[in-house]
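Reminder, nothing fancy here: chain letters follow the sequence lines and each chain counts from 1.
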Amino acid sequence: MSWDSKSPKISKRRRSSTSKDVPTKAAKSASLKALIIDNGGYTIKAGYNRDEEPQIIPNCIMKAKSERKRLFIGKQIDECRDCSGLFFLLPCEKGYITRWEVQKPVWDQLFGKDVCPINDNPTIITQPLFNFKSIQDCMDEIFFEEYEVPSLFRCNPTDLAYLNYAKENRLSRNEACLIIDSGYSFTHIIPYIKGNKFIQAAKRLNVGGKLLTNHLKDIISYRQYNVMEETYVINQVKEDTCYVCEDVKAELREAAKPFSKNTIVKNYVLPDFNNIRRGYIQQANKTDEKEESCQILRLNNERFVVPEILFHPSDIGMKSMGIAEAAVKSIYSCPKIDRKALARNIIIVGGNCKFPGFKERLYAELRSLLPDLWDVKVFLPSDPITYAWKGGGALLKLHDFKSNLVTRQDYEELGSAIIQERFNNFMIDDSRLDDSSKPPKEQTNFKYLEKLKSRSIFGKQELCPSGSSNDPTNEENGAASNSKNEQGEDGIVDSNKEESNSVSDEASQDSFQAVEVDKGKKSKVTQEKQSEDDVDIDSDVSEEDLTKSLELFPFGTGSYL
Amino acid sequence: MNVDQNTLEQKPVFKTTSWFVSRHNNKKRTWKGLKQIISSEKALPWPDDAVHYSSINAPPSFTPPEKFSDLSGIPAPYTDPQSRLRYANKEEYATLIDLPMDITAGYLALRGATSIVG
């Protein structure tokens, strides 16, 4: 019995191992079938890579007032007749899963027989950028030990969106992209350069759909009805009526007009869950008798003020940049060569992009903030919510995807620490990070500052560093410089040359402390040589009184001394 | 036969068809909240140039925040020094001077201006 259930798996494993040895691309992509789960804060998008569209399932457990005894898990909410006063239990806190007692039943239901069974297929699940270790541990445990998936892969939803965009537009690897993912819990702005995330320039705004819904709820509760309990309904109100305006000031002036002349004000018919299941915008000049008995919500400037928070979080007292400003900041934190390409390839995904006018507004703001010569293009997919999920197919087609996949054997042998490193380093290029951080540090070579230090014009004399002998990395080449240092300490009068030498040693050490040690070793030797050479050349100058040097003090030192 | 046993040992078989039914533990497990997780993450010895959760937070904006009336939402040039509410015209002022304390506090909370300094 048990043997039967096991045998297909073993044959599969064997096949995968052979295909790893002999890379045959076509056969691999044809044979791979994987479950892709975009585990969002509000909805889970799940389905197999061959499916056309994913299933969208609410990622929460709900309690209804009408049926007090029952919990509605995920999709079961469709069975609920009266959605007034719906109470949400959300698994995520600011987008990170912290309430596993909520997340687990939702997943249980999702992977159950009738929704989306795993059936021994590889599983790809998304996680937010910089997911915490304890959360990843828990996820590993649940997937490998509880669901017993044969292999697992975790990546960021933005990775998938990038891959999807790159595939659709046949981008070359050198073309940089900026992905803006504005979801339920937060908004991430992540540049992709040469196919990898450039995380130094990544930005996160803690503004998402949840915050907008809650704010709308607050406003309405203060201005009209108390709807603090009606998150579900107000979320629908937000989806149906809110939009992003081009110019807030002008729009506000329009909204301040009296009702008859006002084009913004809309009456929203609230659902009563008897005749009307879902609210809608009331048509002007038409009154249904059905609506007579219903409550009507009048929305005026709330319609555009609420989404405005995405662009100006300072409106509600958040000390944070808006999306456009943060995107520009992110672009400018990237290497110079790639900035132009980033402005050209801006992809917006996530539920907030569905606000009408969002793309136009973002474009207008970016256009005014970026240089005139650059092309600015904002790409809004036809369905921004499932766009990332659709990138799962592109992920499977990556040539090195199989090697990134973690099998259960790997998990049992290596433990979660190692496999998490594999997940977290996906699409992050380490060599690039070193390259980008190195050159600016080496270039800051202020020769005269070293001299000034050694000559102690500005007060205290700095002794040569004692750290150089303690430093373990210095052992090989340190012998020579150490002896020099001792000389310098013993006979301060001896020669300026020695001193300035030791100081420049110190400077070179400083510049290398931040850089990786083993790489620093080699180039350090060369730099020391260089600095020695420098001193030799400049030694004539250093022997003179520096305070009289015209080069340093063209106007004399009288004002300093 | 020997081989079979080896493979059996490699993979313990306890998977049943009803695997998706959650295990029933009577004791309730409590999980760390996000704040705890973040603070423990911050306490880790990070190198200076490392990028992590807290460091990618978008910095404060360079543009000053716009001022809108708390009552109506239209641009407000005035602030009531007593309640700190913003208002656009004298009609609004007439309403807001009569507002009870809890309502004004609510309006301020709505704008996120509850701090004493702001």
Side-chain angles (χ1 to χ4, degrees), chain A residues 2-3 5-6 9-10 93-94 96 98-101 104-105 108-109 111-113 129-130 132-135 138 146-148 188-189 199-200 202-206 215 218-219 222 248-249 252-253 255-256 300-302 305 312-322 325-326 329 409 437 514, chain B residues 4 7-8 10-11 13-23 28-38 40-41 44 47-49 51-68 70-75 88 103 106-115 118:
Chain A
S2 60
W3 178 242
S5 69
K6 202 153 43 92
K9 201 181 287 173
I10 282 176
E93 208 177 316
K94 291 190 180 174
Y96 295 88
T98 54
R99 293 184 207 97
W100 296 95
E101 73 275 10
K104 190 68 203 328
D108 282 343
Q109 199 238 7
F111 301 138
K113 269 186 214 146
L129 188 66
F130 300 122
F132 298 103
K133 192 176 175 306
S134 57
I135 297 171
C138 212
E146 211 134 317
Y147 295 143
E148 300 190 350
H188 270 117
I189 297 163
I199 50 167
Q200 286 89 338
K203 291 274 170 289
R204 184 194 58 241
L205 265 76
N206 291 322
H215 187 64
D218 284 351
I219 293 184
Y222 260 89
V248 201
K249 290 269 171 72
L252 279 170
R253 249 175 275 132
N300 195 5
N301 58 25
E302 295 87 355
V305 163
H312 294 289
S314 53
D315 284 355
I316 53 161
M318 282 180 79
K319 289 193 172 44
S320 171
M321 287 177 167
E325 206 179 351
K329 189 163 172 61
Q409 253 176 340
S437 64
Chain B
D4 282 1
T7 48
L8 278 175
Q10 268 179 12
K11 187 188 157 287
V13 181
F14 47 78
K15 186 171 171 181
T16 60
T17 47
S18 59
W19 52 270
F20 53 85
V21 175
S22 60
R23 292 176 196 164
K28 206 179 174 188
R29 278 183 82 173
T30 49
W31 306 95
K32 265 195 197 170
L34 189 69
K35 272 190 185 165
Q36 280 173 298
I37 295 176
I38 291 175
S40 63
E41 170 117 341
L44 292 176
D48 284 345
D49 54 348
V51 188
H52 50 96
Y53 174 81
S54 317
S55 67
I56 63 164
N57 225 334
S61 175
F62 286 110
T63 50
E66 304 271 353
K67 288 175 179 150
F68 297 114
D70 286 307
L71 300 184
S72 62
I74 53 183
I103 303 278
Y107 273 124
L108 289 175
L110 201 56
R111 181 163 38 104
T114 36
S115 80

Checklist entry - What part of A:S134 lies closer than 4.5 angstrom to a heavy atom of chain B: side chain, backbone, both or neither? => result side chain
Item to check | Minimum side-chain heavy-atom gap B:F68-A:L252 below 4.5 Å | outcome: yes
Checklist entry - B:S40 versus chain A, heavy atoms under 4.5 Å apart: side chain, backbone, both or neither? => result neither
Item to check | Close side-chain approach of A:Y222 to B:D70, heavy-atom, < 4.5 Å | outcome: no
Checklist outcome for this item: NE2 of B:H52 to CD1 of A:I199, rounded to nearest 0.5 Å, is 10.5 Å
Checklist entry - What is the ring orientation for A:Y96 with B:Y53, classed by angle as parallel under 30°, tilted 30 to 60°, or perpendicular over 60°? => result perpendicular
Next on the checklist: Within this structure, what is the OG-CZ distance for the pair B:S55 and A:R204, rounded to the nearest 0.5 Å?
Outcome noted: 8.5 Å
Checklist outcome for this item: dist B:I37:CD1 -> A:K94:NZ (nearest 0.5 Å) comes out at 12.0 Å
Next on the checklist: Can you tell me which portion of A:I189 sits under 4.5 Å from chain B's heavy atoms? Options are side chain, backbone, both or neither.
Outcome noted: neither
Next on the checklist: Just so I know, are the side chains of B:I56 and A:K203 near enough to count as touching, which here means a heavy-atom distance under 4.5 Å?
Outcome noted: no
Item to check | Closest contact, heavy atoms only, A:L205 versus B:A58 | outcome: CD1-CB, 3.8 Å
Item to check | Contacting region of A:E93 [heavy-atom separation from chain B under 4.5 Å] | outcome: both
Item to check | Engaged part of A:D218 at the chain B interface, taking heavy atoms whose separation is under 4.5 Å | outcome: both
Checklist outcome for this item: Pair count under 4.5 Å, heavy atoms only, with chain A: among B:A88, B:P59, B:P75, highest is B:P59
Item to check | Contact summary for B:F62 and A:E325, nearest pair of heavy atoms | outcome: N-OE2, 3.0 Å
Checklist entry - So which of B:T63, B:I38, B:N57 has the largest heavy-atom pair count under 4.5 angstrom toward chain A? => result B:N57
Next on the checklist: When you compare the side chain of B:S61 with that of A:H312, does any pair of heavy atoms fall below 4.5 Å?
Outcome noted: no
